[in-house]
Amino acid sequence: MSAGTTRHTIRIDDDLWDRAHAKASREGTTVSERVREGLREYVYGPEARRTIADSLVYLVPDALEDLKGPASGIVELPIHLDWGPDRGYDVADDGSCAVLYQLTLQNSGSVDEMAGIVNAGRLVGLWPSMRLPERCRQAWETAFPQLPKHRESKDHPSWTTLNA
């Protein structure tokens, strides 16, 4: 809640709230943000500009333990996740594994597919350095508070800062 914003209370059935919260978490948002969007649209009409990125849905498993991908070896991504000529990624190599997981978390079409590629232990270790869209990162961090929060900004990595 922003400073200076008053708190407003509305009554919502518990089952509806729980379902809305779960859906919002899967979509990388919050119920509060969805309510604010709905009220803005109700008062001002539909937003004039939406981007394709706004429509992307990021899947999140029910539990980190569901992610049982290999902890070592080479994983070859299916063509719908990586259409490049070399789709093999070395899970033991941090850089290669981070790219593998970034592609999978952003583009996977099913939680089962994701669970077969991503390893929970490797994901937790690589999480701070992974470069993900903010809504994707938010969806995962909301679902799994145990993921480390410290990370380098995607928009302004340290190597872009000029020394004076």
**Q** Same cluster or not: V118 versus Y58, using hydrophobic residues (I, L, V, M, F, W, Y) connected whenever any side-chain heavy atoms lie under 4.5 Å apart?
**A** no
**Q** If you take all heavy atoms of L64 and F144, which pair is closest and at what distance?
**A** N-CE2, 3.4 Å
**Q** Can you tell me how far CG of L100 sits from CD of E76, rounded to the nearest 0.5 angstrom?
**A**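 Going from the CD atom of E76 to the CG atom of L100 covers 11.0 Å.
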**Q** In Å and rounded to the nearest 0.5 Å, what is the CZ to CD distance from R135 to Q106?
**A**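 Reported value, rounded in 0.5 Å steps: 11.5 Å.
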**Q** How close do V31 and A24 get, heavy atom to heavy atom, and via which atoms?
**A**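 The answer is N-CB, 3.8 Å.
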**Q** Taking the side chain as every heavy atom from C-beta outward, state whether V124 and P148 have any pair of such atoms under 4.5 Å apart.
**A** yes
**Q** Tell me whether the NZ or CZ atom of R137 lies within the 45° cone about the ring axis of W127 and under 6.0 Å from its centre.
**A**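 Yes, R137 sits over the ring of W127.
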**Q** For L126, does its backbone N or O pair with a side-chain atom of S129 as donor and acceptor, under 3.5 Å?
**A** yes
**Q** Do you know the tightest heavy-atom contact between P70 and V91?
**A**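 Looking at all heavy atoms of both residues, the shortest contact is O-CG1, 3.3 Å.
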**Q** Enter the distance from I117:CD1 to L67:CG here, rounded to the nearest 0.5 Å.
**A**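 So the CD1 of I117 and the CG of L67 are separated by 10.5 Å.
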**Q** Begin from the C-alpha positions of E37 and R34 and carry the test salt bridge (Lys or Arg N to Asp or Glu O under 4.0 Å) through to its verdict.
**A** CA-CA 5 Å; E37 286 175 16; R34 294 302 309 239; 3.6 Å; yes
**Q** For residues L105 and I79: do they belong to one hydrophobic cluster (side chain heavy atoms under 4.5 Å, members Ile, Leu, Val, Met, Phe, Trp, Tyr)?
**A** no
**Q** Give, for atom CD1 of I74 and atom CZ of R87, the distance between the pair rounded to the nearest 0.5 Å.
**A** 14.0 Å
**Q** side-chain contact (heavy atoms from CB on, under 4.5 Å) between Y101 and R122: does it pass, once the steps are laid out?
**A** CA-CA 9 Å; Y101 288 1; R122 291 290 285 141; 3.5 Å; yes
**Q** Side-chain donor-acceptor pair under 3.5 Å between D82 and Y89, yes or no?
**A**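 Distance-only check passes for D82 and Y89.
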**Q** Could you state whether L77 and M130 fall into the same hydrophobic cluster, counting links through intermediate Ile, Leu, Val, Met, Phe, Trp or Tyr residues with side-chain heavy atoms under 4.5 angstrom apart?
**A**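 Yes, same cluster.
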**Q** To the closest 0.5 Å, what do you measure between SG (C136) and CG (L56)?
**A** 9.5 Å
**Q** Report, as yes or no, whether the 6.0 Å neighbourhood of atom CG on D14 holds more than 12 heavy atoms from other residues, nucleotides or ligands.
**A**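 No, the 6.0 Å shell around CG holds no more than 12 heavy atoms from other groups.
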**Q** How far apart are the closest heavy atoms of R26 and V60, and which atoms are they?
**A** O-CG2, 4.4 Å
**Q** Check this for me, if you would: do R36 and E33 make a salt bridge, where the nitrogen-to-carboxylate-oxygen distance has to be below 4.0 angstrom?
**A** yes
**Q** Mind listing the closest non-hydrogen atom pair of S96 and D93 along with its distance?
**A**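 Closest approach of S96 to D93: N-OD2, 2.8 Å.
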**Q** Check whether more than 12 heavy atoms from other residues, nucleotides or ligands sit under 6.0 Å from atom CG of D13, and answer yes or no.
**A**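 Correct, the count exceeds 12.
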**Q** Could you go through the side-chain contact (heavy atoms from CB on, under 4.5 Å) check for S25 and H21 one step at a time?
**A** CA-CA 6 Å; S25 293; H21 179 71; 3.8 Å; yes
**Q** Shortest non-hydrogen contact from G69 to N119?
**A** O-ND2, 2.9 Å
**Q** Roughly how far, to the nearest 0.5 Å, is the CG atom of L123 from the CE atom of M114?
**A**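 These two atoms lie 10.0 Å from each other.
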